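Proteins come first, then strands; the chains are lettered A, B, ... in the order of their sequence lines, and each starts at number 1. These numbers come from the heavy atoms of this one structure, side chains and all, not from hydrogens, waters or symmetry mates. Keep in mind that what you see is a predicted model, and the values were worked out from it rather than measured.
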Amino acid sequence: MRARVFVTLKRGILDVQGTAVKRALEGLGFTEVKDLRMGKVLEVELELQDAARARSRLEEMCQKLLANPVMEEFSVEIVDNGTRPTLPERARGD
Amino acid sequence: MRARVFVTLKRGILDVQGTAVKRALEGLGFTEVKDLRMGKVLEVELELQDAARARSRLEEMCQKLLANPVMEEFSVEIVDNGTRPTLPERARGD
Amino acid sequence: MTWAEPKVTLELALAHGLTADEYDRIIQRLGREPTFTELGLFSALWSEHCAYKHSRIFLRRLPTGGARVLQGPGENAGIVDLGDGLALVLKIESHNHPSFIEPFQGAATGVGGILRDIFTMGARPIALLDSLRFGDPAESKTRYLISGVVSGISWYGNCIGIPTVGGEVAFAPEYNGNPLVNVMCVGLVPTDRIIRARAEGVGNPVFYVGAKTGRDGIHGATMASATFEEGAEERRPTVQVGDPFTEKLLLEACLEAMATGAVLGVQDMGAAGLACASSEMPARAGTGMEIELSGVPQRETGMTPYEIMLSESQERMLLVVARGREALVREVFAKWELDAVEVGRVTGDGLLQVRMDGQLVAEVPVKTLTEEAPVYRKPTERPRWLDALVAFDPLTLAEPASCEQALLALLAAPTLASKEWVWRQYDHQVGINTLVLPGSDAAVLRIKGTRKAIALTTDGNGRYVLLDPYAGAAMAVAEAARNLACSGAAPLAVTDCLNFGSPERPAILWQFAEAVEGIAEACRALEIPVVSGNVSFYTETEGRAILPTPVIGMVGLLEEAERRSTQWFKGVGDRVALLGPDAVSLGGSEYLWTLHGRVAGRLAPLDLTGERAIQSACRTAIEAGLCASAHDCSEGGLAVALAEACIAGPAPLGAEVALPPGARTDLTLFGEGPSRIVVSVPRHAQRHFEGLMRECQVAWSWIGTVGGDRLAIRVGGRSVVELPVAQLSHAWRNGLARLVA
Amino acid sequence: MKFGVVVFPGTWSDCDFHYVISELLRQPVEYVWHRSPDLSEFDCMILPGGFSYGDYLRAGAIAGRSPVVEALPDFAARGGLVLGSCNGFQILCEAGILPGALMKNECLQYRCQSTHLLVENAETPFTRGTRPGQVLKMPISHGEGKYYCDRQTLRTLKERNQIVFRYCTESGDVTGEANPNGSLENIAGIINDEGTVLGLMPHPERAAEGAMGVTDGLLIFHSLLGGLVEAGSFLKR
Ligand SMILES: Nc1ncnc2c1ncn2[C@@H]1O[C@H](COP(=O)(O)OP(=O)(O)O)[C@@H](O)[C@H]1O
Ligand SMILES: [Mg+2]
């Protein structure tokens, strides 16, 4: 079972890093960027078959370690249930 | 137009953070984690209407600034085309 | 068996960076064609990086011995005796190419590598210094590189908890495509606990410890010996990623294991990884080694013997352990949660035998890989363009309209401006030994448990070396020693990093040969042995080489930590003296570059006997407690040295200075020359100071008084500078920060 | 008073604290490995600076879930004192022993520099050798020291006088310029409601002897030791 966990700053908390990246992009001429926020993504491979169980375990991991509730929120996305890959097509960086 | 950009280490490149987090999770009893890699996600809001154009601009941003092709790869995901939000439901971290 | 080796051909050998001659030589030595893994071994060990093929002949000229030298060149690092049962381990290394490709990780792994060189010797690293060169600061690429490099060094050094206490940063367009990242480390070891990278004792087990092996940087060592061609950025060689956390564990585990006495020899697996460690360790001891690769901890699946031998994964070590004490070593590494696997043993046949799942994949005499590597004496030739360059007389240029504007421009020039933007990103205090923080001529660290302290500096000026490789390199040694003298220390030893273009070009090799000769001469005259170093050739892109840049890392000793000095003025009313000769030149000066955009002219003469006398006079005055401050005149000349003495400290202070008339005011103010030191002397110590200077028989004179809130300089009675220290300070403090923001 | 200095994989100020306590203060002190949950022999536990577990997820996050940290609330409830400096502060917040969180510095860079601290609360066991309003000089060294908490928490911190130190100028003004990392209201150190657990970003152990140029850090140690304070020798500064 593959999943993605997103950990991002809560809305309302100033995302200094995101702001810096936005400004750098503007400097390069990418003025169409209206808003940019930066977070972490964890690509996880689990030895579990059941999607619901996977989701609940991942949420538990977030609560216990992966996210700090003072400033962060998280979301869990199950990418595949072991049979069909549903990952969006990747534009490789090269 | 909203989009997500993922910047992750190329396979084969040591993921120092991911390795440490996986170990920590194991220590907390989450032994079902088989593999874990950590990357960045950028949630971007663009002043563009056209999804194809948005994708190509974002890819350009990745090439120019957001990812270092020597060690990172990126992928771009268009989240909505300005009308219907398709973000997965969020499990709030609090 | 999941791997198969390709057949080795001449083409394959050439693709590995070996020449046809070298390939023939391999066949001749082995009496057969090498296997693929063997070809990998040769390509790594016979590379410029490992074999010093083009430099070895010249390096023999360096003085390496001395009463305090416990270990000269040839080991992972050099060692000098500090007394009190303690020794200092030192080494500098370049990570230029990797830092260009990936500035953050390139610089970070540079720090990781040099740290391992120190703790393999049994020493605890206590300080890092970074000597950096970047291209034109107006280029956005330069800004990208400097922020990446500085944050990479900051990350690795801070995370592992070794203070970065000094270094240098200079800019010149010649470094545009080839930034220099040289990192120096020093460590402390009890004299009776020194460990060497030798595989002693036939039958002793060989352990692999530390991080797992991946496919990182395979061919890194050969890459470091190849110039950048168009498209290098697209070729995207694998970069190594640093893991300072794992290295911290490795450091603690290694030192703990060494303290048990069970560890006999250690070498780190950095450039050319296991290949290098498993051949150099037995070669030094006159033994052999057999290795079984299947047990090597691996991060990836399906790695071939070739890949495992050549991987440059970081944070790994090869240990030779005393037979019967394996359990002890395993226990220590288990505590630190690191892999420790027995992968082989020391043999008596002088061979390196590598097996994978029992099958022999390489069998080479270790001496063939190491001592018998090719050594070249390629032609050298003084380049013809040099004559025109040095023939230029800077005094044919008009004097500046305003010396004040010139001074402000120099203080704000990125090469001279305050480097606080850099070093405030480095933890320079952890370990609570740093008595003099970055920002003075040399950093000073106390040695806990003794009354002593050590002083550390790195110095080098590529412009000088371009104009006169022999004198320029000698001046780098003189300046490093002078920086130590200004802090009150006597020089102990040098570690040098020689950054040059391709040695296959006669003009470059001439620069190199001259520079080495200059270093040797200065080290002999000042009696400072060179105990370790590093050569970084091929630092060029498409035939355009960097400025020839030998960087001198130097350590010095203060018998009394209390008797140290810093470069800034401290007391209103203190008198200012200038020690040293009058001879200065605008040739190759920062003034000529910043105001006129030229690198040309002749350097001021260097008199090594005089230099030594001045340094000794300065040191003696500091030891006697006569100096409130001491600062050497380097780039920017006397005016910049005076300004820095006013503004570099925690509480800026002005000064009034009167200088005799010279040939020209700009020459007097901004001319550069060796052997000159500005000191300030409290009133009550004046007499004593004057007597001491007479005794030392050095040239010196009173030139002014500390006080007020402006720097006022008169030359021949005419006021040429009168600027508020706040204005000087503003220019100097923002010069670099403004560029990198 | 017996001190315990906690060592996590990646800790580096442990030796510095140990040195100050044993060599300068001449007090009994021992290193405590992060796996050890038995703190019964100690009076004061120090969580020193460093990069525990490399700080790879968030500063202090992984260490915040270790056995020794889990034992701290009990230890404090039984009258023990806990001082977390730098990474130690981050760990205490991550473990939820202190409120709030420490985020990346606003400048997005690491900062190693000298700072001034305004003593806001001089009635803690860690600061009773100081005067309220006194300005202390102490270095910082961190990349993630920007204190953050929500409004409600901030209100509580103020009501209960839990803010112990704020970054200030040399003359004691709490200004934006004096704030090295973007901390909320210049907060540099806070204490728990019971007054037994102090977290601060600065390094008192680096400011504990003349050779280092500053000795204000000693005030914290001497406050802990009590004796000298009662004698009044440190109140006159
Ligand atoms: N990259 C750096 N890292 C740490 N400290 C640095 C760095 N660059 C310069 N410094 C420090 O700034 C001060 C001035 O450096 P520099 O101008 O090179 O001195 P000098 O001319 O006396 O050799 C020194 O204390 C030096 O150690
Ligand atoms: Mg100097």
A.B. asks: If you count every heavy atom of other residues, nucleotides or ligands that lies below 6.0 Å from Arg78(D) atom CZ, does the total exceed 12?
C.D. replies: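 It does: Arg78(D) CZ has more than 12 such atoms within range.
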A.B. asks: Taking side-chain contact (heavy atoms from CB on, under 4.5 Å) as the criterion, tell me which of Lys146(D), Lys104(D), Met103(D) meets it with Val16(A).
C.D. replies: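 So, applying the side-chain contact (heavy atoms from CB on, under 4.5 Å) to Val16(A) and each of Lys146(D), Lys104(D), Met103(D), only Lys146(D) qualifies.
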A.B. asks: Out of Asn68(A), Leu14(A), Ile13(A), which one pairs with Tyr148(D) under the side-chain contact (heavy atoms from CB on, under 4.5 Å) rule?
C.D. replies: Ile13(A)
A.B. asks: Pick one of side chain, backbone, both or neither for Lys64(A), based on which atoms fall under 4.5 Å of a heavy atom in chain D.
C.D. replies: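 Lys64(A) touches chain D through backbone heavy atoms alone.
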A.B. asks: Using side-chain heavy atoms (C-beta onward) and a distance below 4.5 Å, is Gln17(A) in contact with Leu108(D)?
C.D. replies: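 They are in side-chain contact.
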A.B. asks: Between Leu42(A) and chain D, with a heavy-atom cut-off of 4.5 Å, which part of the residue counts as in contact: side chain, backbone, both or neither?
C.D. replies: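 The answer is neither part of Leu42(A).
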A.B. asks: Does Glu123(D) have more than 12 heavy atoms from other residues, nucleotides or ligands lying within 6.0 Å of its CD?
C.D. replies: no
A.B. asks: Are there over 12 heavy-atom neighbours, none belonging to Glu194(D), within less than 6.0 Å of that residue's CD?
C.D. replies: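 Yes, CD of Glu194(D) has more than 12 neighbouring heavy atoms, counting only those of other groups under 6.0 Å.
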A.B. asks: Rounded at 0.5 Å granularity, tell me how far CZ in Arg58(D) sits from CE in Met71(A).
C.D. replies: 5.5 Å
A.B. asks: Testing the basics here: between Leu65(A) and Ala61(D), what is the closest heavy-atom pair and its distance to 0.1 Å?
C.D. replies: CD1-O, 3.9 Å
